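I have placed the structure first, in the form of structure tokens, so that the comments after it can refer back to it.
Both counts, for ligands and for their atoms, begin at 1 and track the order of listing. This one's a predicted model, so the numbers in the text were calculated from it and none came from an experiment.
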Amino acid sequence: MNFSLSSKAIATTKADCLVVGVPEKGDWPESTTHADEALDGLIKKLQKAGDITGKNGITGVFPLDGRSWSRLMVVGTGKNDDRTPANFRKAVTAVLGALKDGPSKSALIAMADTQVKGEPAVSSEEALLNVIGRILEEQLYTFSEFKSEKPASRKLNKVTVVASGSGKALKEAFNLGLATGRGMNFTRDLGNTPPNICHPIWLADQAKQLAKDYDSIKTEVLDEKQMEKMGMNTILAVGKGSTQPPRLIVMEYRGGKTKDKPYVLVGKGITFDTGGISLKPGEGMDEMKYDMGGSASVFGTMKVLAETKPKINVVAVVAAAENMPDGGASRPGDIVTTLSGQTVEILNTDAEGRLVLCDALTYVKKFDPEVVIDMATLTGACIIALGNQATGLLANNDELANELLAAGERTGDRAWRLPLWDEYQSQLDSNFADMANIGGRPAGTITAACFLSRFAKDYRWAHLDIAGTAWLSGKAKGATGRPVPLLVDYLMSHAGK
Ligand code: BES
Ligand code: MN
Ligand code: ZN
């Protein structure tokens, strides 16, 4: 697929399909007016005749002959006054939905001058080009590696996006959007890969491959012997019930100054979560292949950094293990000493995410982090609280929390903060160890974060519970690529110029 930006006049730019937006009421963007002029007023005629209503996200395709284009696609963009960034994303998504299985080999999308509400960060031409770039990659994603009959190959192979000029800022914004989409798609590929293939060593191989593909990424992998020497006993305790050994994967992207402290990302990488001896019910258990979604988002974000080269230092740590129930598995009641020295009574082997993360959170102290953000499909309770819309956010620092919330708002990859009050900590009391690994049914997402907070005292830290947002179930089953957009936006806002 070929994606490019063009600042040539629309009227003289050839493509199989020209795409413009038409509002429900009010003024048109310049692109639409230019297209209408080139088509001798066709768009106005169609609107008058009721063929185009302008309702947001509704597309119509009209054949043209003897022009620069074989057909015209018009997408409704709603009322000018209430066009939110979300409405704009919906309209662009509808365009790609209609283009991807259509007859056009090439398309010219002239929508980056749409009037959108909000601050420049979400409404400027740069912002819209970023959104269009991301949606191009996201919507054209397929995962058919394991189908013996490949879907018929797509006709569309070239998309040109119209920009007002050829300046650097416009190009960079579009390229960042494309890179973000590709990062999300990498995250989705890792998540969708079946768990008999995607195990901890396979994940480590992906990290090594990233280091091969990009000079800017360095990868180091700790095996079970190295972890044992260091005392990372909780990761080991989770991995013990599986024939697939655990791994601690470290990737470094150093685009900033040597003295700049790194932003540290930590990902939960449970490549399959059976629950262990506290076995999960069978129904829908296949979806526990997505329990490495946190680590997949870390991989996706590292790819975006490697492709766009921002001036920032980022260290990524993935705690990878498979939670299985064989004869070597941890038992409910086992007590384990974490890397931090604190002891944990494992009352439920299905609360394994926090066990792999706590050692990783202790390990990352050595990087003297600016901040630490962990991503994890940590609790079913988070799905009950927030559904599939928002990622759960818990943090020991308000400024960091607010910045992440803002990044989520700007990208539509939203998070919602839950409290981390001290009063919840006592739910983790254990009669026999420093803490238990579960805190009972009430406030399950919060007590999971409380557990993590005990290992994140030495730095500014935020936890993203992506149990509801990393993948979709049902007919649309598949990884979403979240929270890569949120993470990329946050990191870019901290990159040096
Ligand atoms: N990976 C699960 C959380 C999960 C469950 C995410 C379903 C998405 C969908 C996690 O390891 C887990 O099993 N958590 C338990 C914790 C409980 C035992 C305290 C849960 O949420 O039930
Ligand atoms: Mn579990
Ligand atoms: Zn899990």
Side-chain angles (χ1 to χ4, degrees), residues 191 195 198-200 203 234-235 237-242 244 246 266-297 318-325 329-334 344-358 360 374-392 394 418 424 427-430 435-452 463-474 477-480 482-483:
C198 174
H199 47 62
L203 269 186
T234 46
I235 298 188
V238 172
K240 268 184 344 151
S242 169
Q244 301 289 351
V266 174
K268 170 177 172 181
I270 298 296
T271 59
F272 195 74
D273 182 12
T274 64
I277 296 299
S278 312
L279 194 64
K280 284 184 181 296
E283 200 188 316
M285 206 203 273
D286 66 290
E287 295 188 10
M288 282 298 110
K289 72 173 182 179
Y290 292 117
D291 213 16
M292 34 60 76
S295 69
S297 72
V318 164
E322 188 183 44
N323 189 21
M324 296 287 269
S330 293
R331 292 148 291 250
D334 281 3
V344 176
E345 185 182 16
I346 302 177
L347 287 177
N348 188 320
T349 63
D350 197 11
E352 85 298 338
R354 60 198 81 180
L355 295 177
V356 299
L357 288 171
C358 70
D374 79 74
M375 275 64 63
T377 49
L378 205 63
T379 62
C382 195
I383 311 176
I384 303 300
L386 300 173
N388 303 121
Q389 300 302 326
T391 290
L394 299 102
L418 297 171
Y424 289 105
Q427 285 182 238
L428 296 171
D429 286 351
S430 156
M435 70 194 88
N437 77 327
I438 51 170
R441 299 250 301 159
T445 303
I446 296 172
T447 54
C450 282
F451 182 95
L452 298 178
H463 159 63
L464 296 173
D465 193 329
I466 57 170
T469 52
W471 79 91
L472 297 173
S473 309
K477 194 191 285 182
T480 59
R482 293 178 67 178

Minimal non-hydrogen separation, [X] against [Y], with atom names:
{"X": "Ser330", "Y": "Thr349", "result": "O-CG2, 3.4 Å"}
{"X": "Pro483", "Y": "Met375", "result": "CG-CG, 3.8 Å"}
{"X": "Ala390", "Y": "Arg482", "result": "CA-NH2, 4.2 Å"}
{"X": "Cys450", "Y": "Tyr424", "result": "SG-CB, 3.7 Å"}

How long is the span from the [atom1] atom in [X] to the [atom2] atom in [Y], to the nearest 0.5 Å?
{"X": "Ile346", "Y": "Arg354", "atom1": "CD1", "atom2": "CZ", "answer": "11.5 Å"}
{"X": "Thr274", "Y": "Asp350", "atom1": "OG1", "atom2": "CG", "answer": "7.5 Å"}
{"X": "Asp286", "Y": "Met288", "atom1": "CG", "atom2": "CE", "answer": "9.0 Å"}
{"X": "Thr391", "Y": "Leu464", "atom1": "OG1", "atom2": "CG", "answer": "6.5 Å"}
{"X": "Ile466", "Y": "Leu386", "atom1": "CD1", "atom2": "CG", "answer": "13.0 Å"}
{"X": "Asp273", "Y": "Met285", "atom1": "CG", "atom2": "CE", "answer": "8.5 Å"}

Could you confirm whether Asp291 has any N/O/S atom lying under 2.8 Å from the Mn ion (ligand 2)?
->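 No N, O or S atom of Asp291 is closer than 2.8 Å to the Mn ion (ligand 2), so no.
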
In the protein, what heavy atom is nearest to [atom], and what distance, to one decimal place, separates them?
{"atom": "atom 10 (C) of ligand 1", "answer": "Leu378 O, 3.3 Å"}
{"atom": "atom 2 (C) of ligand 1", "answer": "Asp273 OD2, 3.5 Å"}
{"atom": "atom 18 (C) of ligand 1", "answer": "Asn348 ND2, 3.5 Å"}
{"atom": "atom 5 (C) of ligand 1", "answer": "Met288 CE, 3.8 Å"}
{"atom": "atom 6 (C) of ligand 1", "answer": "Ala467 CB, 3.7 Å"}
{"atom": "atom 12 (C) of ligand 1", "answer": "Asp350 O, 3.2 Å"}

* Within a distance of under 4.0 Å, is there any protein heavy atom near atom 21 (O) of ligand 1? ->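 Flag for atom 21 (O) of ligand 1 set to true, protein heavy atom closer than 4.0 Å.
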
Using a 4.0 Å cutoff against the non-hydrogen atoms of [X], which atoms of ligand 1 qualify?
{"X": "Thr377", "result": "1 (N), 2 (C), 3 (C), 6 (C)"}
{"X": "Glu352", "result": "11 (O)"}
{"X": "Ile383", "result": "8 (C), 9 (C)"}

To check your reading of the site, what angle at the Zn ion (ligand 3) do NZ of Lys268 and OD2 of Asp291 form, to 10°?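 It rounds to 100°.
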
With rounding to 10 degrees, Glu352 OE2, the Zn ion (ligand 3) and Asp273 OD2 define an angle of 90°

Any chance the side chains of Gln244 and Thr271 put a donor and an acceptor closer than 3.5 Å?
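There is no such pair between these side chains.
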
Review point. With a 3.5 Å cut-off and no angle check, do the side chains of Thr445 and Thr379 form a donor-acceptor pair?
Key: yes

Check this for me - ligand 1, [X], N or O atoms closer than 3.5 angstrom, yes or no?
{"X": "Trp471", "value": "no"}
{"X": "Gly380", "value": "yes"}
{"X": "Arg354", "value": "no"}

Short version for Ile438: what comes under 4.0 Å of ligand 1, heavy atoms counted, is side chain

*asked:* Can you tell me which portion of Lys280 lies within the under-4.0 Å heavy-atom range of ligand 1? Options are side chain, backbone, both, or neither.
replied: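 For Lys280, the contact with ligand 1 is made by the side chain alone.
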
| field | Electrostatic pair Lys268:Asp291 at N-O distance under 4.0 angstrom | value |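 Between Asp291 and Lys268 there is a salt bridge, with a charged N closer than 4.0 Å to a carboxylate O.
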
* Could a heavy atom of Lys268 be found less than 4.0 Å from some atom of ligand 1? -> yes

Phe272 heavy atom under 4.0 Å from ligand 1: no

Rounded to 10°, the OE1/Glu352 to the Mn ion (ligand 2) to OD2/Asp273 angle comes out at 100°

